[in-house]
Amino acid sequence: MNKRTVQLNLLQMAAVQALKNGRKYINIEAGRGAGKSTILGWYVKEAVKQMPRATGVLVGATFTQIKSRTFPSTKEGLELFGLYQNVDYVVGKCGFSLGFEMPFQAPDNWSNVIHFVNGHILVMVSLDDPNSGRGLNSYYVIGDEAALLKADRLFDNVQSTNRAKKAEFEKASMLYAEIFTSTVALTHTGRWFTEMEAMAKKQPSKYTFIKANAKINKMNLRPGWFEEMREKADSELKFNAEILNIRPPAVPDGFYASFSSKNLYNARYDIDAFGGVTADVQIDCRHDQDITKGVPLDISLDFGGRINVALISQYLRSINTVQFLNEFTAKNPSILSDLIKEIIDYYDPYKQHCNIIHLYHDRSGFKRESNSKTSLAQDVEALLRKAGWLVVNKTPNTNNPSHILKFRLINRMLTGDELRMPMVLINENKCANLIISMENAGLKHKDDAFEKDKSSEKSTTIPQEHATHLSDAFDYRLWWGFAYLLDHYASNSVVITNIH
């Protein structure tokens, strides 16, 4: 291994010292640019050095994340510490023919494996595959973007594999280590990571939680970077969270009172379908394993001046489930037609299975814009039909429903307790902004009534993809599709009491 001098910042020095002090559970919450990839590279370097022929796990939420963010940053960190691809390690293949030592337990498939010259391997595991990681016997676990990792899947597929044992590694500081880095958690999925700070306070001899913003790494960032990031950030909240590592305030009183993890799912993706971790690939609906062939696509839209948004869903009648597959957003200066074009391009291959689209929106979709002979909905329909889709607008030209009625219907659906109420499932990887939009949608009380708090749509600090626009599109699909069930169940209505 080549040696070089790397100057560490205070965050990185604290992370190094935590391992040297015997901490096995190290969590680092830091802004982008704080130097997380550097310290991950150091941890991997230490594991390779300390445990030849051993197996480690590098975990991510999806293979798309691993390909686009986790692996490139890990590769950069390794290079800083003198480990070079195709010299000290190879990716996506076995290095035996190059003279590399073999690991204690060689994998059957090398497509998601980093193989080091001394036989050490780092297996990249994606949590969007419920079976990914199962069967491994690992010696340590490392995860980037930890706030995107689902706690139960992480335990089942990764943490439970951290059990391999070799007498010669008993004194290795990386043995059985679990190290996670992330920016601040913006949804409930990452709550487990945030809660590790409390764990570190309760058991400081076992857990370490390190927090820092990007300013701690200012010496390694180009002049003007902070000012540029502030200008490019969608909002002050986004800049504070992503760069300054400031956690956003929680919404104590939510419109989606019954929304929980049972409404979320991970779609399975095969890394080989993406050409391995190092291959470039154009992602479209052909890689979506959760789309059901032969079933029409539902597009629910929320129109706006600052942002136009769309949700793609399918109603699976055989199992009485509405499945939200994907989300699309077009922020100013992009316009509505840009949004629809992106949807058309992504789902074009699906037309061979079913070319029917059901359209949902609110009453404003029937209004004509100034100097236009057509309404927004008609413009959308025209674009879709021109692309070869058969469009059925399912939205009645009536008044929009009250917030109270929507609250009653949607929360009953979200509970999943009533047999004839459709179950609602959301792809948490593809619909991350929708989840944030729902979790941040509060209630605004007025006299004896209430409504969804939509003040976020006027905010200059909240990113508009995190405001209530996407949750509104969610409402339109469920209300216009299933509002009749409220009358059907009028005599057996359920009172929602868990508003807090």
Side-chain angles (χ1 to χ4, degrees), residues 1-2 4 6 36-129 131-145 148-149 157-158 161 164 174 177 179-181 269-283 287:
M1 298 181 187
N2 298 326
R4 63 184 299 181
V6 178
K36 297 189 295 296
S37 61
T38 297
I39 199 59
L40 283 182
W42 184 84
Y43 284 130
V44 174
K45 181 266 297 183
E46 284 296 300
V48 173
K49 177 182 176 181
Q50 295 174 14
M51 297 183 287
R53 302 183 65 199
T55 298
V57 170
L58 180 64
V59 60
T62 67
F63 277 125
T64 302
Q65 176 210 329
I66 291 174
K67 285 166 59 68
S68 63
R69 296 197 296 274
T70 301
F71 173 70
S73 64
T74 303
K75 179 180 175 180
E76 179 183 4
L78 289 173
E79 189 168 317
L80 281 171
F81 294 98
L83 297 175
Y84 295 89
Q85 186 174 354
N86 297 325
V87 177
D88 302 292
Y89 66 90
V90 292
V91 180
K93 61 182 179 181
C94 176
F96 181 73
S97 63
L98 301 174
F100 286 27
E101 293 289 327
M102 290 295 287
F104 292 120
Q105 293 187 353
D108 295 328
N109 187 339
W110 292 81
S111 64
N112 60 331
V113 175
I114 302 175
H115 187 190
F116 293 87
V117 69
N118 69 349
H120 189 102
I121 59 173
L122 187 59
V123 181
M124 288 175 272
V125 172
S126 168
L127 296 188
D128 62 0
D129 181 345
N131 296 312
S132 181
R134 289 183 179 273
L136 286 175
N137 288 298
S138 66
Y139 294 79
Y140 67 97
V141 172
I142 286 178
D144 192 18
E145 304 282 0
L148 302 178
L149 304 179
N157 290 18
V158 176
T161 74
M174 280 296 294
I179 299 166
F180 296 98
T181 66
Y269 298 93
D270 184 353
I271 191 170
D272 294 325
F274 290 87
V277 294
T278 58
D280 294 327
V281 64
Q282 181 65 41
I283 303 298
H287 299 286

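All values below were derived from every heavy atom in this structure, side-chain atoms included, with hydrogens, water molecules and symmetry-related copies excluded. Numbers here simply count residues along the sequence, with the first being 1.
Across every non-hydrogen atom of Leu83 and Asp88, the tightest pair is CA-OD2, 3.4 Å. In terms of heavy-atom proximity, Met102 sits nearest to Cys94 at SD-SG, 3.6 Å. Contact record, Val113 with Met124: N-CE, 4.4 Å, taken as the closest heavy-atom pair. When all heavy atoms of Val123 and Leu136 are compared, the pair lying nearest together is CG1-CD1, 4.1 Å. When all heavy atoms of Tyr43 and Ile142 are compared, the closest pair comes out as CB-CD1, 3.9 Å. The shortest heavy-atom contact between Phe180 and Val59 is CE2-CG1, 4.0 Å.
Every side chain to side chain contact (heavy atoms under 4.5 Å, CB included) that Thr181 has, sequence neighbours left out, goes to Ile28, Lys36, Leu40, Asp144. By the salt bridge (charged side-chain N to carboxylate O under 4.0 Å, His left out) test, Glu145 pairs with Arg32, Arg69, sequence neighbours left out. Every side chain to side chain donor-acceptor pair (under 3.5 Å) that Glu46 has, sequence neighbours left out, goes to Gln50. The side chain to side chain donor-acceptor pair (under 3.5 Å) test applied to His120 returns Tyr140, not counting sequence neighbours. Applying the side chain to side chain donor-acceptor pair (under 3.5 Å) test to Ser138 and every residue at least two apart in sequence or in another chain returns Thr161. By the ring-ring contact (aromatic ring centres under 6.0 Å, His included) test, Tyr139 pairs with Phe169, sequence neighbours left out.
Under a 3.5 Å cut-off, the side chain of Asn118 and the backbone N or O of Val48 do form a donor-acceptor pair. Side-chain N or O atoms of Asn137 include none that pairs as donor or acceptor with a backbone N or O of Ala164 at under 3.5 Å.
Interatomic distance, CD1 of Ile66 versus CG of Leu58, reported as 6.5 Å (0.5 Å rounding). Atoms CD and CZ, from Glu101 and Phe104 in turn, are 10.0 Å apart once rounded to the nearest 0.5 Å. One finds the OG1 atom of Thr38 at 5.0 Å from the CG atom of Leu80 (value rounded to the nearest 0.5 Å).
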Could you walk me through whether Ile179 and Met174 pass the side-chain contact (heavy atoms from CB on, under 4.5 Å) check? CA-CA 10 Å; Ile179 299 166; Met174 280 296 294; 3.9 Å; yes
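Using the six-membered ring where Trp is involved, Tyr89 and Phe116 have ring planes that are tilted, between 30° and 60° apart.
Residues Val141 and Val125 have side chains not in contact (no heavy-atom distance under 4.5 Å, counting atoms from C-beta outward). In this structure, Val90 and Trp110 have side chains that are not in contact, with every pair of non-hydrogen atoms separated by 4.5 Å or more.
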